[in-house]
There are 2 protein chains.
Amino acid sequence: MLKIAKLTDYGTLVMTTLALEPAACLNAQELAARSHVAAPTVAKLLKLLVKGGLVVSTRGTHGGYRLARGAETITVADVVSALEGPIAITACAQHGGGCTIEGSCTSRSNWRLIDEAVRQALSAVTLAQMAAPRVQTARMYGKTVPLHVFAARE
Amino acid sequence: MLKIAKLTDYGTLVMTTLALEPAACLNAQELAARSHVAAPTVAKLLKLLVKGGLVVSTRGTHGGYRLARGAETITVADVVSALEGPIAITACAQHGGGCTIEGSCTSRSNWRLIDEAVRQALSAVTLAQMAAPRVQTARMYGKTVPLHVFAARE
DNA sequence: CGATACGGGACCGAACTGGTGCGGATTATA
DNA sequence: TATAATCCGCACCAGTTCGGTCCCGTATCG
Ligand code: FES
Ligand code: FES
């Protein structure tokens with residue numbers, strides 16, 4: 001279904017929860033309570049997010065987690081790739097993926113570009129925007145898309 | 001990994017093979033040979049594509065498959081949704097998806113928009129363009145993306 | 001030193017994935 | 001009408017992934 005794993009969905013939720021309190025150092029239980037995600041799951045997610053460099057952890061009593069950078073500089077693409085590895089829609093876009101017909105595949109180079117377009121769509125939304133109640137939208141090809149698709153990010 | 005199933009990748013390959021010969025009525029074996037995909041797999045794919053209304057089949061001796069419409073009017077999004085169901089990146093974007101925290105999820109409406117953006121990216125590429133050796137590209141946010149993202153369709 | 005909380009794994013059942021097989025229906029041709 | 005070619009639907013299987021839980025080691029604070 002061209003789906004993002006549900007875990008990733010939860011991950012962004014935890015991240016936005018974290019983004020709402022940039023100064024505080026929240027522990028796993030507290031985050032679970034605020035995001036309404038099961039506690040063990042939150043713990044697992046946070047481990048991955050730490051390894052991905054998106055949040056920093058403090059151990060010991062009164063330990064917890066904080067965002068590693070400002071919420072405006074963390075994109076959805078960052079979260080996704082931290083939780084599910086590099087973004088690659090086509091299994092065999094990355095060569096060496098074990099595709100048997102790699103040599104004769106005519107459409108791989110085109111897939112690669114679609115890949116890039118999707119990556120852009122995900123990179124265009126920041127955590128700060130996810131935390132806001134609603135993203136501003138605009139019209140494009142007669143359909144509604146997130147406004148920031150048009151805004152250049154430095 | 002935010003991946004499209006490998007089967008879907010094969011599916012587009014079969015479709016482009018079909019698109020190269022719009023007039024002919026090719027059977028499953030012939031398509032397998034031309035696309036270099038295993039024969040049983042091709043057969044399975046074609047059944048799904050027929051059900052999705054993207055190709056039409058002719059039974060009996062000298063039967064086979066043809067595209068249901070012109071290659072310019074079939075998009076990658078069509079193929080993907082025929083093979084893996086409706087495009088929905090977030091598992092719980094469609095309500096009733098069984099998400100337990102649906103009520104308190106703050107980011108679902110934003111995910112929906114990202115969803116739409118991805119859908120647009122896939123809809124912007126037609127089979128005819130996939131069949132061509134290389135898609136024309138342009139620069140956007142300083143990165144390379146398919147040119148047709150800018151062109152209005154039909 | 002003891003309580004708190006992160007860290008890294010191992011682990012499990014359920015679901016999905018890619019791939020194969022077979023009997024039945026449909027059509028062209030001899 | 002008989003036969004061969006071809007699609008159709010479904011059932012089946014092994015391997016992997018996914019969501020989720022548990023446990024024990026380690027670091028920090030008081
Ligand atoms: S490279 Fe694997 S199908 Fe194109
Ligand atoms: S609705 Fe399921 S996580 Fe947002």
Side-chain angles (χ1 to χ4, degrees), chain A residues 1-11 13-14 18 24-33 35-66 68 80 83-85 88 90-92 97-101, chain B residues 1-11 13-14 18 24-33 36-66 68 80 83-85 88-92 97-101:
Chain A
M1 297 160 258
L2 180 56
K3 61 162 179 271
I4 260 187
K6 194 160 39 164
L7 269 191
T8 307
D9 195 359
Y10 290 160
L13 206 45
V14 171
L18 221 34
C25 191
L26 303 168
N27 68 25
Q29 281 195 336
E30 180 63 23
L31 282 172
S35 62
H36 305 100
V37 178
T41 304
V42 172
K44 186 177 197 171
L45 285 171
L46 286 168
K47 290 171 196 171
L48 289 172
L49 291 169
V50 168
K51 201 183 300 187
L54 295 182
V55 309
V56 294
S57 62
T58 314
R59 288 194 176 191
T61 319
H62 301 102
Y65 298 92
R66 284 178 303 108
V80 171
L83 293 179
E84 354 196 335
T90 48
C92 24
C99 184
T100 60
I101 56 178
Chain B
M1 295 162 263
L2 181 55
K3 64 161 178 270
I4 258 187
K6 193 161 37 162
L7 270 191
T8 306
D9 197 357
Y10 290 160
L13 207 44
V14 171
L18 221 34
C25 192
L26 303 169
N27 67 27
Q29 280 196 335
E30 181 63 24
L31 282 171
H36 305 99
V37 178
T41 303
V42 172
K44 186 176 196 170
L45 286 171
L46 285 169
K47 290 170 197 170
L48 289 172
L49 292 169
V50 168
K51 201 183 301 190
L54 295 181
V55 308
V56 293
S57 63
T58 313
R59 287 193 174 189
T61 320
H62 300 102
Y65 298 92
R66 285 180 301 111
V80 171
L83 293 179
E84 353 196 336
I89 316 197
T90 47
C92 25
C99 185
T100 60
I101 55 177

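In this text the structure is predicted, and so the values were computed from the model without any measurement. Numbers restart at 1 for each chain; the letters A, B, ... are given by sequence-line order, proteins then strands.
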Separation of A/T58 OG1 from A/L26 CG (nearest 0.5 Å):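 Spacing of CG (A/L26) from OG1 (A/T58) equals 10.5 Å.
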
Length of the line joining [X]:[atom1] and [N]:[atom2], which is rounded to integer Å:
X: A/I4; N: C/dC16; atom1: CD1; atom2: C1'; answer: 18 Å
X: B/K51; N: D/dC10; atom1: NZ; atom2: C1'; answer: 10 Å
X: A/Q29; N: C/dA5; atom1: CD; atom2: P; answer: 7 Å
X: A/L45; N: D/dG19; atom1: CG; atom2: C1'; answer: 10 Å
X: B/L48; N: C/dG18; atom1: CG; atom2: P; answer: 11 Å
X: A/L83; N: D/dG19; atom1: CG; atom2: C1'; answer: 13 Å
X: A/L7; N: D/dC18; atom1: CG; atom2: P; answer: 9 Å
X: A/K44; N: D/dT17; atom1: NZ; atom2: C1'; answer: 11 Å

Phosphate contact (D/dC8 OP1 or OP2) by B/Y65 side-chain N/O below 4.0 Å: yes

Below 4.0 Å: OP1/OP2 of D/dC8 and any side-chain N or O of B/S57: yes

Minimum heavy-atom distance A/L18-A/Y65, with the two atoms named: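 Minimum heavy-atom separation between A/L18 and A/Y65: CD1-O, 3.7 Å.
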
Shortest non-hydrogen separation from A/G53 to A/A68 and the atoms involved: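 Result for this residue pair: O-CB, 3.4 Å.
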
Sugar-phosphate, base or nothing in reach of A/A43, heavy atoms under 4.0 Å: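 Result for A/A43 = nothing.
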
Residue mapping more 5' on DNA chain D - nearest nucleotide basis, B/K47 or A/T8: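 Closest to the 5' end, via its nearest nucleotide, is B/K47.
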
Residue whose closest nucleotide on DNA chain D lies nearer the 5' end, A/A39 versus A/T58: A/A39

For the side chain of [X], counting heavy atoms from C-beta on, which of [options] is nearest?
X: B/P40; options: D/dC8, C/dT20, C/dT29; answer: C/dT20
X: B/R59; options: D/dC22, D/dG19, C/dT27; answer: C/dT27
X: B/A28; options: D/dG19, D/dC7, C/dA28; answer: D/dC7
X: B/H62; options: D/dC29, C/dA28, C/dG21; answer: C/dA28

Heavy-atom check, side chain of A/L13 versus side chain of A/H36, under 4.5 Å: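 No. Closest side-chain heavy atoms not under 4.5 Å.
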
DNA chain C: 5'-proximal contact among B/T61 and A/L26 (nearest heavy atom): A/L26

Pairwise 5' ranking along DNA chain C for B/T41 and A/V50, keeping only the more 5' one: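 Between the two, 5'-proximity favours A/V50.
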
Residue of the set A/I4, A/L48, A/L54, A/D9 for which side-chain contact (heavy atoms from CB on, under 4.5 Å) holds with A/L83: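 Exactly one option meets the side-chain contact (heavy atoms from CB on, under 4.5 Å) with A/L83, and it is A/L48.
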
Side chain B/K6 and base C/dG18 donor-acceptor under 3.5 Å: no

